[in-house]
Number of protein chains: 2
Amino acid sequence: MSSEEMSGRSATTAAQVRKDLSLFGSFGKRGLGYDVADLSERLKKILGLDRRWRVALVGAGRIGSALVEYGGFAERSYDVVAIFDSDPSKVGERWGGLRVRDISQFVSVAKDQGVEIVILAIPVEAVPSVMEYVEEAGVRGILNFAPTKLKVPERVAVKDVNMVMELEALSFALSQEDEEA
Amino acid sequence: MSSEEMSGRSATTAAQVRKDLSLFGSFGKRGLGYDVADLSERLKKILGLDRRWRVALVGAGRIGSALVEYGGFAERSYDVVAIFDSDPSKVGERWGGLRVRDISQFVSVAKDQGVEIVILAIPVEAVPSVMEYVEEAGVRGILNFAPTKLKVPERVAVKDVNMVMELEALSFALSQEDEEA
DNA sequence: GCGGCTTTGTGAAAATCTTCACAATATTAG
DNA sequence: CTAATATTGTGAAGATTTTCACAAAGCCGC
């Protein structure tokens with residue numbers, strides 16, 4: 001497959017595809033393009049997707065439920081191995097094969113289960129107290145759905161996700177059109 | 001509130017806040033900062049959030065369910081007014097106050113309900129046929145959860161969302177650390 | 001093996017985005 | 001009213017990202 005074809009399938013350009021790939025090495029053959037299977041495998045390795053990651057979900061609310069329901073994570077390289085909440089009415093519930101645990105058990109369970117990544121799906125107010133546990137447990141990455149900036153030690157990687165923001169970007173784009181009309 | 005304080009609360013800098021805002025006008029008072037209520041209202045207007053948007057969900061699968069469950073949309077400016085799927089076993093189900101309709105009814109229902117935005121939560125294979133309906137109905141914006149580049153007329157605004165991508169970025173960041181160690 | 005065709009990998013140029021830094025302006029205290 | 005202090009709005013500088021464009025490879029047919 002050529003960089004041209006790749007760019008056609010994704011929202012980018014052929015030059016961008018080549019430039020991006022060249023940052024990590026030389027994967028293609030001039031005149032021929034890229035071998036899909038080979039490229040896929042080498043990229044997986046680069047992206048750290050050639051192994052499974054152990055993930056804990058913190059927050060058994062609507063977002064948490066949505067993420068577990070979604071299921072797309074397991075299909076990739078992520079195994080949700082524990083679920084936590086602070087609400088006593090939720091603790092004990094069964095979600096998929098897992099029991100929702102009280103957040104106070106986070107450190108011991110996370111260490112025991114070798115949790116590397118946390119999906120943080122809790123309200124902003126709950127963030128500071130939860131982050132203490134997360135930090136103590138030595139978690140290395142956080143996928144953050146709370147609309148706040150996390151304060152973490154440098155060794156912890158954070159990715160912020162905010163779905164409503166995407167919708168608001170759409171709303172903005174549409175409003176612009178209205179004004180032009 | 002000063003641009004300094006705003007930057008502290010979000011993942012940005014004071015200069016960035018001021019620059020961004022200056023693109024749309026002059027909202028603050030020198031020496032004083034920004035009036036939060038006033039700024040909030042004016043930004044909502046700019047972002048098109050001073051009105052409600054009528055949204056249709058296409059795809060009553062896991063992602064769709066997750067989004068409706070999540071509920072964050074109604075709290076903002078978005079009302080889900082219809083849900084569609086092509087799977088006969090799903091059509092007729094009640095989701096919240098809505099009945100899942102067959103995708104073949106999309107055009108008439110969307111026009112009838114004044115749907116402006118579509119949340120596309122369907123598998124990649126289903127995209128082309130669904131997009132025909134969406135196009136015909138005159139929808140103006142699409143929040144796309146399918147990992148493919150949509151081909152749309154210029155007047156249609158598209159926002160792509162890919163949650164797994166965020167996780168993969170985390171995975172990459174963590175792998176990098178491993179290599180450094 | 002050679003000429004024609006294709007496509008990569010990558011410097012250099014262009015475009016965009018972020019940060020710097022400071023004059024302009026507003027408030028407050030005395 | 002003046003001096004001291006705070007903070008915006010914004011050109012200019014700096015950094016980063018994207019695009020351009022083309023030499024270097026590689027395949028194919030003859």
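So you know, we letter chains A, B, ... as the sequences are listed, proteins then strands, and number each from 1.
- Of the possible polar contacts, none joining the B:Asp79 side chain to the B:Val81 backbone as a donor-acceptor pair under 3.5 Å is found.
- Using bins of under 30°, 30° to 60° and over 60° for the plane-to-plane angle, the ring pair A:Phe172/B:Phe24 lands in the perpendicular bin.
- For the OP1/OP2 pair of C:dT8 and a distance below 4.0 Å, the side-chain nitrogens and oxygens of A:Ser3 include at least one atom meeting the criterion.
- Remark: P of C:dT8 and CG of A:Leu39 are 11 Å apart, rounded to the nearest angstrom.
- As rounded to whole Å, 13 Å separates atom C1' of C:dT16 from atom CD of A:Gln16.
- With a 4.5 Å cut-off on side-chain heavy atoms, A:Ser65 and A:Arg62 do not count as touching.
- The interatomic distance linking B:Arg18 (CZ) with C:dC22 (P) rounds to 13 Å, in whole Å.
- Panel note: side chain A:Arg76, backbone A:Arg52; no donor-acceptor pair is recorded below 3.5 Å.
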Practice problem: Any chance you could encode DNA chain C as dot-bracket? Rule is Watson-Crick or G-U wobble with both distances under 3.5 Å; [ ] for pairs crossing earlier ones, | for another strand. | Solution: ||||||||||||||||||||||||||||||
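- In this structure, A:Arg42 contributes its side chain and A:Phe27 its backbone to no donor-acceptor pair below 3.5 Å.
- No more than 12 heavy atoms of other residues, nucleotides or ligands sit less than 6.0 Å from atom CZ of B:Arg9.
- Proximity of a side-chain donor or acceptor of B:Arg18 to a complementary backbone N or O of B:Ser3 within less than 3.5 Å is not detected.
- Listed by residue number, A:Lys19, A:Ser22, A:Ser26, A:Phe27, A:Gly28, A:Lys29, A:Arg30, A:Gly31, A:Leu32, A:Gly33, A:Tyr34 are the residues of residues 19-35 of chain A with a heavy-atom contact under 4.0 Å to DNA chain C.
- Atom CD of A:Gln105 has more than 12 neighbouring heavy atoms from other residues, nucleotides or ligands inside a 6.0 Å radius.
- A:Ser171 places no side-chain N or O within donor-acceptor distance of the main-chain N or O of A:Leu167, the cut-off being under 3.5 Å.
- The footprint of chain B on DNA chain D, defined by a heavy-atom cutoff below 4.0 Å, extends from D:dA6 to D:dA12.
- In this structure a side-chain-to-backbone donor-acceptor pair under 3.5 Å is present from B:Asp85 to B:Ala60.
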